[in-house]
Amino acid sequence: MMKIDKAPVPLIVPNPDDPLLTQSVTGTDQTGARVEIKVPMERPLTLYLNAQEIVTMMTIGDYPEYLALGYLLNQNMLKYNDVVTEVEYDDDLQVVVVRTSHHTNFEAKLKKRTQTSGCAQGTAFGDLLEAVESVALPKAELRTSWLYQMTQTINTMPSLYLEAGAIHGCVLCKEGTPLCYTEDVGRHNAVDKIAGWMYRHGVDASDKILYTTGRLTSEMVIKTVRMGIPILVSRSGFTAWGVDLARQVGLTLVGRTRGKRFIVLAGEERIVYDQNLTYVEEESAKHKRKGEGGDD
């Protein structure tokens, strides 16, 4: 196995030219003509916490260390003050092992997991609700000028979605600037990678904004709160439970963010309306993404 050592904080952005992330396939279009397109790869990754097998995830395969750490953190199997002694990834076996300085056993918890509405079979556990109810999110603000700068920048950045489609993205931002942009077949994987990146490099969550291309579901709200981020933004829509949970825990929830438009359904007190809409452009057809025609 290859040991992944702690490195300086990198700024992560999508690499749509990585040949390991997509595959070219041939088919026919609506006219019967032969066409070749790129589609995202989907690989199994089995996660162990010490000697215990936790889950096998379907993922595009990049940043396995961050995905493993973020999954364990967001499922409350790993605490932010726990000492991780080693993270090992074996590319041949598609296995990642997280080792801690203390003994762990989640046999009982693994029997009570619930499949969520997240793509690619996200999972959540009953004690997560109790864990987020005790979280006090930091006071922060979301200036609309930051929101428009952030969404414009994200929509015009190179991405695997624009190259091959069938994928979700999550972006950690400070004010209007993206810091960490991850993609995967499921939005829960993408946000877990960000959680792992933040943990690995000691990134402060109190002044950050999390952006996702996916729906604002209960799972996304829980993960955002677990990460200590006070603001969650999406270009897509909401679920009722996601809104209810956000209101209960004081999370700012902004959805349907496209061009000049957005809707806030929780945490409105953090919004500062400082942007003159006359100077905001509508989203161009070139950069429209998943969710434009609905709330997917």
Side-chain angles (χ1 to χ4, degrees), residues 1-2 4 12 14-16 18-25 27 37-49 52-78 87-98 106 109-125 128 159-171 180-197 199 210 212-215 217-220 222-224 226-227 234 236 239 289-291 296:
M1 284 189 174
M2 175 185 68
I4 304 177
I12 295 177
N15 181 12
D18 187 340
L20 298 179
L21 302 183
T22 61
Q23 177 180 326
S24 294
V25 296
I37 65 169
K38 289 184 177 180
V39 296
M41 295 292 290
E42 196 174 6
R43 301 180 178 89
L45 177 68
T46 301
L47 167 61
Y48 284 81
L49 177 57
Q52 184 175 21
E53 182 177 340
I54 301 298
V55 70
T56 296
M57 301 173 279
M58 298 307 298
T59 172
I60 60 175
D62 63 346
Y63 305 113
E65 177 200 31
Y66 297 145
L67 177 56
L69 289 171
Y71 179 91
L72 294 172
L73 289 163
N74 282 337
Q75 297 294 348
N76 204 28
M77 294 181 176
L78 188 67
V87 180
E88 295 177 306
Y89 171 61
D90 189 309
D91 185 56
D92 292 331
L93 297 177
Q94 295 292 289
V95 167
V96 61
V97 182
V98 176
F106 292 101
K109 183 173 181 175
L110 290 170
K111 294 178 180 178
K112 298 180 180 179
R113 58 186 173 186
T114 301
Q115 184 171 321
T116 72
S117 57
C119 305
Q121 294 191 350
T123 55
F125 299 89
L128 281 177
S159 73
L160 194 59
Y161 175 83
L162 293 177
E163 182 73 18
I167 206 156
H168 277 291
C170 288
V171 190
C180 181
Y181 185 165
T182 64
E183 294 180 302
D184 214 302
V185 289
R187 59 182 173 270
H188 56 89
N189 283 351
V191 72
D192 284 348
K193 290 176 187 176
I194 290 178
W197 178 83
Y199 173 82
L210 182 62
T212 176
T213 58
R215 299 181 301 275
T217 63
S218 57
E219 180 186 33
M220 286 301 297
I222 290 171
K223 287 179 180 289
T224 305
R226 283 282 303 156
M227 294 161 67
S234 175
S236 295
T239 67
R289 301 191 175 201
K290 185 175 181 179
D296 288 339

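Note that these values count all heavy atoms, side chains included, but never hydrogens, waters or copies made by symmetry.
- Looking at heavy atoms from C-beta onward, R43 lies out of side-chain contact with D91 at the 4.5 angstrom threshold.
- Exactly one of T213, D192, V191 qualifies for a side-chain contact (heavy atoms from CB on, under 4.5 Å) with C170. That residue is V191.
- Side chains of P44 and M57 form no contact here, defined as non-hydrogen atoms less than 4.5 Å apart.
- Judged by distance alone, the side chain of D184 and the main-chain N or O of I60 form a donor-acceptor pair under 3.5 Å.
- Without hydrogens or angle criteria, S234 side chain to G214 main chain gives a donor-acceptor distance under 3.5 Å.
- Rounding to the nearest 0.5 Å gives a distance of 4.0 Å between CG of L93 and CG of D90.
- Looking only at distances, no side-chain donor or acceptor of E163 sits under 3.5 Å from a matching main-chain atom of K38.
- Although no hydrogens or angles enter the test, the distance criterion places a donor-acceptor pair under 3.5 Å between the side chain of T182 and the main chain of A190.
- A distance-only check finds no donor-acceptor pair linking the side chain of N189 to the backbone of L67 [under 3.5 Å].
- For the pair M77 and L49, the tightest heavy-atom approach, listed with the atom from each and the gap, is O-CD2, 4.1 Å.
- Considering CE of M41 and OG1 of T59, their distance stands at 11.5 Å, rounded to 0.5 Å.
- Closest non-hydrogen pair, G165 versus P40, comes out as O-CG, 3.1 Å.
- Heavy-atom minimum distance, R187 versus R215: NH2-NH2, 3.1 Å.
- Side chain of K193 to backbone of E183: a donor-acceptor contact under 3.5 angstrom is found.
- At distances below 3.5 Å, at least one donor-acceptor pair connects side-chain atoms of R226 with backbone N or O atoms of L73.
- The backbone N or O of L72 sits nowhere less than 3.5 Å from a side-chain atom of Q75 that would complete a donor-acceptor pair.
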